[in-house]
Amino acid sequence: MKAKLLKISIAVFTFLAFTSAVSACSTVSYQPELPEQLKEM
Amino acid sequence: MGVMSYLGEKGELKMGNYIEKILSFYQHNVEIDKDQDAILRYGLYIFISGMMSYAMTLIVGYILGILGNVFMMMVIVSILRSASGGAHCESMFNCALFGTVVTNGLGWIAQELPLTGKVVFSICSIVFLFGIWAIGKYAPADTPQKPITSTEKKYKLKRKSFIYIVLWYMGVGMYFVIFQRLHVFMIATAFGVFTQCFSITQLGYKIWAGGDYLIEKLRFH
């Protein structure tokens, strides 16, 4: 159960990371350094 | 060491530590490779800094009795910023604090302005024209942390920015046509659009850098 919840939360944070990567910059918050893995997006 | 310093510098370090702790919790319980780890770390930063910015701004807005204005401004800024980009402060705390001051300041001014047709439509029309000019000239405005290099992506983001600002202006007009009344959110959203469009200009970047510098100064005094 714990692993399942953690996997769901990973999916949520990954989705957030991808949506932020395709947008011009983060919406209202601080813009952290974009990781190499997302630079091609 | 002042309160600002405590909240800023230490808070920043603490936030970084918390994120590392969360990541190590994930690493111990779920199998994640190096690539997933980097993406998860970025996602966590975006989520936590976003929550911090929204919470700080909305709490101050609630205390000042302008929660609705502030919320509407944040929504419009978030949508437009995702396409047009704009200036950011150097740290999570500075960004949240600067956003809190600007959004609540403008939200308060929106509340105090007389709600007449002349005022509302003058502000909205001036902001719309300014926004069209700013987007045409500067959007998408990137940051050193997230440079936009692809010409195709730049074109898409600029086009999206134009669509969003036109939709906002049409929305304001349609609200008036349908309900036959004015609303303070018209001015609040106009200020949101203005803030966002201003943040993509050269002067906007300078102002944001100035705000960043000022917060840093306050933190260390």
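Computed from heavy atoms alone, side chains included, the values below leave out hydrogens, waters and symmetry copies.
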Select one option (side chain, backbone, both, neither) describing which atoms of [X] are under 4.5 Å from chain A's heavy atoms.
X      : answer
B/S53  : side chain
B/T57  : neither
B/S82  : both
B/I46  : both
B/I148 : side chain

Got a sec: does the [atom1] of [X] have more than 12 other heavy atoms crowding it under 6.0 Å?
X      : atom1 : answer
B/E20  : CD    : yes
B/E112 : CD    : yes
B/K158 : NZ    : yes
B/F71  : CZ    : no

Q: Against chain B, label A/T19 side chain, backbone, both or neither, depending on which of its atoms sit under 4.5 Å from a heavy atom there.
A: neither

(Q) I'd like to know which of B/R41, B/K34, B/E90 tops the heavy-atom pair count under 4.5 Å against chain A. (A) B/E90

Q: Quick one: which of B/L40, B/I79, B/D142, B/D35 has the most heavy-atom pairs under 4.5 Å with chain A, could you say?
A: B/D35

Please name the pair of heavy atoms, one in [X] and one in [Y], separated by the smallest distance, quoted to 0.1 Å.
X     : Y      : answer
B/A83 : A/A24  : O-CB, 3.5 Å
B/Y42 : A/Q31  : OH-NE2, 3.0 Å
A/V22 : B/K153 : O-CE, 3.3 Å
B/Y26 : A/S9   : OH-OG, 2.5 Å

Q: Just do the side chain to side chain contact (heavy atoms under 4.5 Å, CB included) check on B/N29 and A/K2 with the steps written out, would you?
A: CA-CA 8 Å; B/N29 292 284; A/K2 192 167 104 181; 3.2 Å; yes

Heavy-atom side-chain proximity of [X] to [Y] below 4.5 angstrom:
X     : Y     : answer
A/F18 : B/I39 : yes
B/V30 : A/K7  : yes
A/I10 : B/Q36 : no

Q.
At a heavy-atom distance under 4.5 Å, which candidate from A/L6, A/T14, A/V12 has the highest pair count against chain B?
A. A/L6

Q. Can any side-chain N or O of B/K146 pair as donor or acceptor with the backbone N or O of A/S23 at less than 3.5 Å?
A. yes

